[in-house]
Every structure is written in C-alpha cells, then in structure tokens.
Amino acid sequence: MSGIDELAASGQLKFSIGLAADAIYGSGLATGFIRLLTLHPLTSPEDQIRCTLAEVSLDRKPRYEALSYAWGLPKDERQILVNGRIVTVRENLYQALVHLRKDKDRFLWIDALCINQQNTLERNHQVKQMGRVYENAWRVLVWLGAEKDGSDEAMRCIASARSYLSIAPEISERFGPGSAHAILALLEREYWQRLWIIQELLLAKEARFQCGAQHICWEDLANLDTAMETNVSYFQAEDEYANPAMYDALPFRLMRLRRHYNGRRIPLWDLLSGFSASQCVDVRDKIYGLAGLTAELADLDIDYSKSTTTIYMDVIHLLRYSNTAAGRIVDISQRLQEHLNGQVTTPDPSSIFAAKLVVGSVGYNMGTITGFSALEYPGAQDMRHFRDVRHIAEATVMPIFSGMSYGVHGGIRPGKYRDIENYQLHPKPWHYVHDSVWLKVLTPIKHIKPGEGSTQPQLFVTDTGEIGIAPGNAQATDIICGFFRTNVFAVLRWMSDRYIFVGRAALIQFPRDWDLTKGLDEDNVERLMCTEPSRKVTRWQRERPYISMALDMRTLQLLTR
C-alpha cells in the first residue's frame, strides 16, 4: 500500500483540493507574492508525488521554472501530497510531475497548484501578474503529454533538424511520410490549442519542450522552421497537407512573432487576428490571457466577477489613447467580438447613456443611396449565392438608433501619423477624430427616431455605384459609411448639423455583367443574387471623404457583432 493509500485508509487525510484549500493556502497572497512548489525527489520505487508550497516575493527574484501545460479533462484525476495533505490533480499534470521529478528538489510554478483557484480575489491578482511570473522564470517547461502517435520519433527528428541545414538536399536523408505525420501530430496536440500558452511562451526567457522522456528547445524548432523554408523537399508526406500545415503550426507562428517583436509589446490587433482560434474554458481568459503581452491592456482590471460584455467595454475604453485606435476601433471591436466567441451581449441603452461611454472613430463616405429594390427574386439562377445574400441580410443588416452616436464631416485620416510601435498617451482621447463631434455629444438634439419604413431588408444602389442591402428604414439621400479593413457599413442620415445612425448595411461585390445604367432593374438584381456577398473597405477607398464619429458602446457592439 502506498503512503497516500495508508494515510487515506487511516482517515488522517480525506481532503480534495477544494476542501483543503484553506489548510493548504492560508488566508491569501500579498501583492507581489507567489507560491512556489517544491517537487521532492523519488525516495523509493513506490513513492508518491510529494510537494511543498511556500510563499515568496517576486521582488527577491527567486530561481524557479514555470510549467506550461494543458489541464486536461476533469474526469481523469490522480492523487498527490501537497504540504502533507492529499490533493487531486488531473492526469496530465500528474504525468508531468512524474516525468519532471529528479533526484533532488525542483522549484516550480504551476497555476493549478500555486494559485488558490477557490479564491476569486487571489485568482484576480495572480492572473494580473501572470506575465511577470513567466518573464521572471529562468526557464519555462512545456509539457506536451505522454508518448503516443510516434512522438518519440517526431522529437528525435526535430532535435536533429540542425543537420538538415548544412547537408546538400541531394545527399541528405529526408523525412519520410511517417516522420512528417508524426511531427504534424505532435504540433497539433491539445496543448497547442490553449490560449494561455501564447503568453507563457512569448514571455519565456528560455523554453524546454518535453513529450514523454524526450525534450527539445526553441533552437531545434527554429532549425526545423528554417529547413522547411529553405528546402521543403526534406519533408516527404503522403499527401500535400502535411507540409503547409506543419509550416503554419502554432509553435512556428509563435517563434516568428518572438523574433519579430524581440521583447517588445505586441499590438492588440495582431493578437486578436492571430489567436482567435485558441481556446479557453472561461471565455474571459481569451482577454485576460493576452493582457500581459500588449501595452494597450496594461491597465486592464482583471476581475472574474465581470461579465464578458463588461470586459469587452473595458477593452474598448482602454484604447481611447492608442494612437491608431480611431482608425481601427471598428475593426478591433469586430475582431474582439469574434475572439470572445460571440458571447458579447448588446449593452442596455439606459446604462450606456448613464455612463456616457463614447468612443471615437473615423469612417469613409462610400456614397449616397439613390434607389431601392425588393430583396427577393426567386428566379435567381444560383440559389446557393441567393441564400448567402439572404443570410447576410438576416445576420448583419438591422436598424440602429442611438441618442448618443453622431457623425460630422471631416477628421484626420488615420495612418497619416501612424506609429505602431509607440503607444504613448496623448493629451486628447481619439486624437484623429474631429473636435466638433464631441460638441455634438455634449449638446444632443431632440431626435425624431429614423422612419420605421419596411421591416424587410432592401437592396440599394448609391451614386458611386455601390450596391448592397440596407435595413427597411433606410431612405434615399442616406449615406453609406465604411470602415477601413472591415466589412462593416453604417447607414447615416444628415439631421440638422450632424449625421445620426439609421442602421447597419452590407455591400456586395459587383457581378461581372452588372450594368450600372440600369440600376436595380430585374435583370441586374437576378445577376446580383448570383454574386458573393462580401466587401471590405480597401486602401484606395480610404481616399474617399471621411467622417468623424462618436460611437456609444451599444452602437459599436451592434455594428460589429
């Protein structure tokens, strides 16, 4: 009987991590402190995993390794001893501890054990300093899991990649199909799907990747990356999928990002566009897990009592001093909602008005609506594209009315004084936005709600030749406003001394045989139904007249959801 079994049988230890939390962790950690786990060595063949937790100040620069791993499924659990008490851990962490145990004490930081996961306040401030924890570790240990699917062969091939850089392709030994697919299987393990590893690996001074008993380092992956770039013939897979999939695998993308930024903070836009597919159990961690990498979120309040929608608004509001935000806030909002798995709900109008949370943006006048046509033409030749158009209409086109969102003519074109690397605070938020738009927000007019019109979306054409779908309350002389790098288009209406928001529209690619002189007659509409419904504001379109806007959070969320 093992030591843990004997203690459990005697009734001396009956604690799970939840029940024993207070006994193991105490009252909580002070600011700037963490717990380190001492993994004790094996003393006998049947010895259990034994660990000790101790508090330490990061300011004292303790020497430790930080573990990066996938938590795994909760149903697979094992028992270890922590501070003399039984703690249940998941199978993957248990296997990591077994393989990492040495013949002497090893000092580790492991989130599941070093943070009291039952204490929300502690979890908040420990997550806030998570970036510092991984930056201060002398090495990050990456546990990829136990050996399977040819992983030993894959690790050996990666470790030997350096030799492929100096040997002529015609005489070198190439990777066979089995090796290529074993490497691909290793690079597609569950570990690489976690969002938290982005921060853990990008901040690491040094990283050691271990799978079973085999291990490699960043340099080995860099050599493989270089070999794939210089001579793809080394990697002979059974199909054309393995090589490009291997090249685009997350570890190589992370390595290139490390090289490119070389210790500098990464723009939020790059993180949102690059890692939206990464996964978290708690969707809020898709933001909290990136906060330590970008200067734009340096002041983000980490608070797990907040909703996903509140965190979305916190992020948008923090961007008010970013020197590129006005030109990209709509793009960032759209990517942010996608990044949060569509779980941002539309903020309540009364709370938005009370808080007066308004952000600035610059859009582009795409043209004035001159005519409409009904959306449905059952005689369309290609029903697949017709259904695509209907889907766009139902999913994105909608009326939007706001008592706080306005637009004015003019503004400073974003990008003119662009400085992506420097996120200095500016004396005025949204400094690309024309000052007069803020006067409109401070002096609201009594709105007449934009006309209800038809409840059905309708096709429209503009004086610039754009075609698309608008909400039923849109009218002739309304303008279509686009936003750089997005497929977001607002319908605006001039009222008194400002633009007000009417709704959200969608633009559609021109059919090849589109006859602009015929407008929205039946022949043209039928051709339109056979056209891919996808448009974005491109660089040349940025030369169109631009419009400064103040957007309340509700309007921004509806425009970009």
field: Within-4.5 Å side-chain heavy-atom neighbours: L186 and M155
entry: yes
CD on E65 to CG on L37, rounded to 0.5 Å: 12.0 Å
task: Scan side-chain atoms only and decide if D552 and S405 contain a donor-acceptor pair under the 3.5 Å cut-off.
output: yes
message: For R259, is the CZ atom crowded, meaning more than 12 foreign heavy atoms sit under 6.0 Å from it?
response: yes
query: Within a reach of under 6.0 Å around NZ of K148, are more than 12 heavy atoms found that belong to other residues, nucleotides or ligands?
result: no
field: Test item: side-chain donor near acceptor, K205 and N136, under 3.5 Å
entry: no
task: Check the surroundings of atom CD in E338: do more than 12 heavy atoms from other residues, nucleotides or ligands lie under 6.0 Å from it?
output: no
message: Between E200 and R194 (salt bridge meaning N to carboxylate O under 4.0 Å), is one present in this structure?
response: yes
Salt-bridge contact R554-D348 (side-chain N to carboxylate O under 4.0 Å): no
- prompt: Can you tell me how far the CG atom of L81 sits from the CD1 atom of I49, to the nearest 0.5 Å?
  reply: 10.0 Å
message: Using ring centroids (six-membered ring only for Trp), state whether Y134 and W109 fall under 6.0 Å.
response: yes
task: Check the surroundings of atom CG in D282: do more than 12 heavy atoms from other residues, nucleotides or ligands lie under 6.0 Å from it?
output: yes
- request: State, without any angle test, whether T38 and T52 hold a side-chain donor-acceptor pair at a distance under 3.5 Å.
  value: no
message: If you define the side chain from C-beta out and look only at heavy atoms, does anything of R50 sit under 4.5 Å from L39?
response: no
Donor-acceptor side-chain pairing of Q95 and E91 below 3.5 angstrom: yes
- prompt: Does the H215 side chain pair with the main chain of R208, one donor and one acceptor, at a distance under 3.5 Å?
  reply: no
query: Is a donor on one side and an acceptor on the other found under 3.5 Å between the side chain of D331 and the backbone of T486?
result: no
- prompt: Can you list the steps and then say if Y312 with S333 is a side-chain hydrogen bond (donor to acceptor under 3.5 Å, both in side chains)?
  reply: CA-CA 8 Å; Y312 159 81; S333 175; 2.7 Å; yes
message: Under 6.0 Å between ring centres: does that hold for W143 and Y191?
response: no
- request: Show your reasoning for whether side-chain contact (heavy atoms from CB on, under 4.5 Å) applies to L113 and L93.
  value: CA-CA 10 Å; L113 294 172; L93 176 54; 4.2 Å; yes
message: When you compare the side chain of L36 with that of I34, does any pair of heavy atoms fall below 4.5 Å?
response: yes
- prompt: With sequence neighbours left out, what residues match H125 under ring pair (Phe, Tyr, Trp, His ring centres under 6.0 Å)?
  reply: none
message: Between D248 and R253, does any side-chain N to carboxylate O distance fall below 4.0 Å?
response: no
query: Are any of the side-chain heavy atoms of L100 and Q210 separated by less than 4.5 Å?
result: yes
query: Any donor-acceptor pair under 3.5 Å linking the side chain of R504 with the backbone of L559?
result: yes
task: Give a yes or no on whether a salt bridge exists between R132 and D59, defined as a side-chain N under 4.0 angstrom from a carboxylate O.
output: yes
message: Under 4.0 Å between a side-chain nitrogen and a carboxylate oxygen: does that hold for K128 and D301?
response: no
task: Taking R265 for its side chain and G292 for its backbone only, find out whether a donor-acceptor pair lies under 3.5 Å.
output: yes
query: Does anything in residues 25-35 pair up under salt bridge (Lys or Arg N to Asp or Glu O under 4.0 Å), and if so which pairs, sequence neighbours excluded?
result: R35-E122
message: Quick check on the 6.0 Å ring-centre criterion: do Y288 and Y304 meet it?
response: yes
message: Check whether T310 reaches the backbone of K306 with its side chain - one donor and one acceptor, N or O, closer than 3.5 Å.
response: no
